[in-house]
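A, B, ... follow the sequence lines: proteins, then strands. Residue 1 opens every chain.
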2 protein chains.
Amino acid sequence: MAKYNKVSEAVIRRLPKYYRYLKDMEKNGVQRISSRELSDKMGLTASQIRQDFNCFGGFGQQGYGYNVSELCNEIRKILGLHKNYNVIIAGAGNLGQALANYIGFEREGFYIKAIFDVNPRLIGMSIRGIQIMDIDAMKDFITNNDIQVGVVCVPKDKAQEVTNQMVESGIKSIWNFAPIDVETPDDVAVENVHLSDTLYTLVYKMNEI
Amino acid sequence: MAKYNKVSEAVIRRLPKYYRYLKDMEKNGVQRISSRELSDKMGLTASQIRQDFNCFGGFGQQGYGYNVSELCNEIRKILGLHKNYNVIIAGAGNLGQALANYIGFEREGFYIKAIFDVNPRLIGMSIRGIQIMDIDAMKDFITNNDIQVGVVCVPKDKAQEVTNQMVESGIKSIWNFAPIDVETPDDVAVENVHLSDTLYTLVYKMNEI
DNA sequence: TATATATCGTTAAAAAAATAACAAAGCATA
DNA sequence: TATGCTTTGTTATTTTTTTAACGATATATA
C-alpha cells in the first residue's frame with residue numbers, strides 16, 4: 001500500500017490543513033493558486049508548500065501555479081478520502097452522541113453504522129437513525145458489517161479494553177477520545193485525540209503573552 | 001509574564017502529555033520516577049524528557065530521579081493549571097453541549113459560566129446549571145463576569161465573527177472548534193482544534209500500513 | 001567510611017525540518 | 001516569434017529538534 005517513500009509525520013499532519021483551504025477555495029470558485037498566494041493565506045512559507053506537495057509528485061506547472069480543484073482532488077486521494085469508510089462509535093455519552101450527530105463526516109465518506117454503550121437506558125434508542133446497541137454486541141457487529149474505523153468515546157478506564165475488542169474484531173483504525181493513550185498492534189493505526197491538551201496549551205500561551 | 005526564554009512549541013505541546021502521565025502515576029501512588037522509566041511508559045527518549053524538563057529548570061536529583069508529585073505540580077504550574085479560569089461557550093449545538101456537560105474541565109480549574117446561542121428554543125434552557133443565553137448578550141456578559149477563555153462551537157461561517165466579539169470584549173484565549181482557522185490579535189492566544197484533521201490523518205496512516 | 005551504581009543536567013553530535021536559492025519551463029505580451 | 005515575467009521542482013543551506021555522551025552528584029551497599 002505504502003505509495004510514497006516515507007513521508008514525514010510533519011508533512012502528513014499538514015495535509016488536512018491544505019485540504020481544508022483548497023476545498024474552501026474550490027467552493028469559492030478559485031481556479032488557480034500559486035504556492036506564494038497559498039502561503040499567505042495559510043501562514044506557511046511557499047517553499048514548504050512546494051516541498052510538501054513534491055513528496056507526492058509535482059501537481060503544479062511552472063509559470064502558472066496549481067489548479068485548485070485538481071490539487072484538492074490529489075490531496076483527497078492521498079489522504080484516502082476518495083473512498084468510503086464504515087465507522088462505529090463506542091460510548092454514547094456526550095461526546096459519542098455529539099460525533100454521531102455531526103453530519104460533516106458523511107460528506108467525506110465516513111458512515112457511522114452503529115453506536116455501542118453499556119447503559120441500558122440508552123440501548124435501543126437511536127441518533128439520526130443510527131442505533132445505540134449493547135456493547136456486548138459490538139464484536140459481532142464489526143465482524144459482520146465491514147467496519148474499518150472504531151471511535152472510542154468510553155471512559156478512560158475502559159478505553160484500552162474497548163480498543164482491544166475492536167482490534168480483535170479486525171478494525172484497522174482507532175480514533176480515541178478517552179484521555180489516555182491507547183495502544184494497538186503495528187498494523188492498526190491509532191490517533192489519540194486529547195481535547196484537554198489543547199486547552200492546556202492554550203492557557204500556557206495566554207499566560208506567556 | 002514570559003517566565004522562560006523562548007521554549008519551543010514542540011516542548012510546550014508535550015507538556016500536557018507529561019502532565020497526564022504524572023497525574024496518573026501520582027494517583028496510583030508512584031512516588032519516584034527516572035527519566036528512563038518515564039521514557040518507557042511514554043514512548044519518548046529519556047534524553048528528550050530530561051531536556052524538556054530542563055527548559056524550566058531542573059526538577060530532578062542525580063542518582064534518584066524525579067519525585068512524581070513534585071514534578072506533577074511543577075508542570076501544573078508551568079501550564080498555568082494552578083489558577084482558575086472563567087469560560088464561556090458560544091454555540092449550544094452538539095459539541096457545545098458535550099463540552100458543557102464534561103465535568104473534567106472543572107477539575108482543572110476551568111469554570112464554564114454561560115453558553116450562548118442564536119436558537120430561541122435553546123435560550124433559557126440550562127445544562128448542569130449553566131444557562132444558555134442569547135448570543136446578543138455575550139459581549140456584556142464577558143465584560144461583567146471576568147471571562148478569560150472563550151470556546152467557539154458555532155458554525156464555520158460565524159466563527160470569525162464570534163471570535164472577534166470575544167476579543168473585543170477582552171477575552172485573551174480562544175479555543176476554536178469550528179473547521180476554520182480563526183485569527184486573533186497578537187495578544188490573544190488561540191487554539192484551532194480541527195477534529196476532522198485527526199480523522200483524516202488516521203485513515204492516511206491506515207491506508208499506508 | 002569507601003566503593004559501586006544510578007541518574008541527572010548539560011554539552012556535543014546527529015538527524016530532521018524548514019527555508020532559501022536557482023535552473024528549467026511555461027505563460028503573457030508586444 | 002521573441003523577450004521578459006512567473007512559478008515550479010529540486011538542490012543547497014540554515015535552523016530546529018532529537019539523540020547521544022559524559023562529568024557531577026546523590027543513593028545504596030558492603
Side-chain angles (χ1 to χ4, degrees), chain A residues 3-18 21-22 25 30-75 78 201 204-205 208, chain B residues 3-18 21-22 25 30-75 78 201 204-205 208:
Chain A
K3 298 182 217 168
Y4 318 101
N5 292 12
K6 225 15 192 172
V7 177
S8 81
E9 180 92 1
V11 175
I12 295 165
R13 297 238 167 248
R14 277 192 294 270
L15 291 178
K17 184 169 179 177
Y18 289 126
Y21 276 82
L22 289 167
M25 276 184 271
V30 181
Q31 298 204 348
R32 68 183 252 193
I33 187 113
S34 68
S35 57
R36 171 62 191 281
E37 285 175 282
L38 194 54
S39 73
D40 285 345
K41 276 188 199 284
M42 295 186 62
L44 304 173
T45 65
S47 202
Q48 181 168 60
I49 290 173
R50 292 202 299 278
Q51 274 217 343
D52 283 357
F53 292 166
N54 263 76
C55 294
F56 307 97
F59 307 129
Q61 199 157 36
Q62 280 111 324
Y64 176 84
Y66 300 88
N67 178 296
V68 170
S69 65
E70 195 185 299
L71 183 56
C72 188
N73 256 309
E74 288 294 342
I75 293 179
I78 292 165
T201 313
Y204 175 93
K205 287 201 249 174
E208 191 191 35
Chain B
K3 299 182 216 166
Y4 319 101
N5 292 14
K6 224 22 192 164
V7 177
S8 82
E9 181 91 2
V11 175
I12 294 165
R13 297 237 167 249
R14 279 192 293 270
L15 291 179
K17 184 169 178 177
Y18 289 126
Y21 276 82
L22 289 166
M25 277 183 269
V30 181
Q31 298 204 346
R32 68 184 251 190
I33 187 112
S34 68
S35 58
R36 171 64 190 279
E37 285 175 282
L38 195 54
S39 74
D40 285 345
K41 276 188 200 284
M42 295 185 62
L44 304 172
T45 65
S47 202
Q48 183 168 59
I49 290 173
R50 291 202 298 278
Q51 276 218 343
D52 282 357
F53 292 166
N54 263 76
C55 294
F56 306 97
F59 307 129
Q61 199 159 33
Q62 280 111 325
Y64 175 85
Y66 299 88
N67 177 295
V68 170
S69 65
E70 194 185 300
L71 182 57
C72 187
N73 256 310
E74 288 293 342
I75 294 179
I78 291 165
T201 313
Y204 175 92
K205 287 201 249 175
E208 191 192 34

Point to revise | Most 5' of A:Leu44 and A:Gly63 on DNA chain C, judged by nearest nucleotide | key: A:Leu44
Revision key, fill the gap. When B:Asn54 and B:Glu37 are each assigned the nearest nucleotide of DNA chain C, the 5'-most assignment goes to B:Glu37
Whether [X] contacts [N] is assessed here as follows: a side-chain N or O lying under 4.0 Å from the phosphate OP1 or OP2. Is that the case?
{"X": "A:Tyr66", "N": "C:dG26", "answer": "no"}
{"X": "A:Arg14", "N": "C:dA18", "answer": "yes"}
{"X": "A:Ser35", "N": "D:dT8", "answer": "yes"}
{"X": "A:Gln61", "N": "C:dG26", "answer": "no"}
{"X": "B:Ser8", "N": "D:dT16", "answer": "no"}

[X] [atom1] - [N] [atom2] separation (whole Å):
{"X": "A:Leu71", "N": "D:dG9", "atom1": "CG", "atom2": "C1'", "result": "14 Å"}
{"X": "B:Arg36", "N": "D:dT27", "atom1": "CZ", "atom2": "C1'", "result": "19 Å"}
{"X": "B:Phe56", "N": "C:dC8", "atom1": "CZ", "atom2": "P", "result": "17 Å"}
{"X": "B:Glu9", "N": "D:dT18", "atom1": "CD", "atom2": "C1'", "result": "17 Å"}
{"X": "B:Glu70", "N": "C:dC8", "atom1": "CD", "atom2": "C1'", "result": "14 Å"}
{"X": "A:Leu38", "N": "D:dT8", "atom1": "CG", "atom2": "C1'", "result": "14 Å"}
{"X": "A:Arg13", "N": "C:dA18", "atom1": "CZ", "atom2": "P", "result": "13 Å"}
{"X": "B:Ile33", "N": "C:dT7", "atom1": "CD1", "atom2": "P", "result": "10 Å"}

To the nearest 0.5 Å, what is the distance between [atom1] ([X]) and [atom2] ([Y])?
{"X": "B:Tyr21", "Y": "B:Leu44", "atom1": "OH", "atom2": "CG", "result": "8.5 Å"}
{"X": "A:Gln61", "Y": "A:Ser34", "atom1": "CD", "atom2": "OG", "result": "13.5 Å"}
{"X": "B:Phe53", "Y": "B:Gln48", "atom1": "CZ", "atom2": "CD", "result": "10.5 Å"}
{"X": "B:Met25", "Y": "B:Ser69", "atom1": "CE", "atom2": "OG", "result": "11.5 Å"}

Practice item. Could you check whether B:Ser34 gets within reach of a base, just the sugar-phosphate, or nothing at all, counting any heavy atom under 4.0 Å? Key: sugar-phosphate
Check your understanding: Contact class for A:Phe53 (heavy atom, under 4.0 Å): base, sugar-phosphate, or nothing?
Key -> nothing
Exercise for review: Look at the side chain of A:Arg50 and decide which nucleotide, out of D:dT8, D:dA26, C:dG9, has an atom nearest to it.
Suggested key: D:dT8
Check your understanding: Nearest of C:dA18, C:dC27, D:dT19 to any side-chain atom of B:Thr45?
Key -> D:dT19
**Study point:** Side chain to side chain, B:Met42 and B:Arg14, heavy atoms closer than 4.5 Å
**Key:** no
Check your understanding: Between B:Phe56 and B:Ile75, is any pair of side-chain heavy atoms under 4.5 Å apart?
Key -> no
Exercise for review: Report the residue (B:Arg32 or B:Ser47) whose heavy-atom-nearest nucleotide on DNA chain D is the more 5′ of the two.
Suggested key: B:Ser47
Practice item. Please evaluate the base of C:dT7 for a donor-acceptor partner in the side chain of B:Gln62 within a cut-off of under 3.5 Å? Key: no
Review point. Taking atom types as they are modelled, is there a donor-acceptor pair under 3.5 Å from the base of D:dT11 to the side chain of A:Gln51?
Key: yes
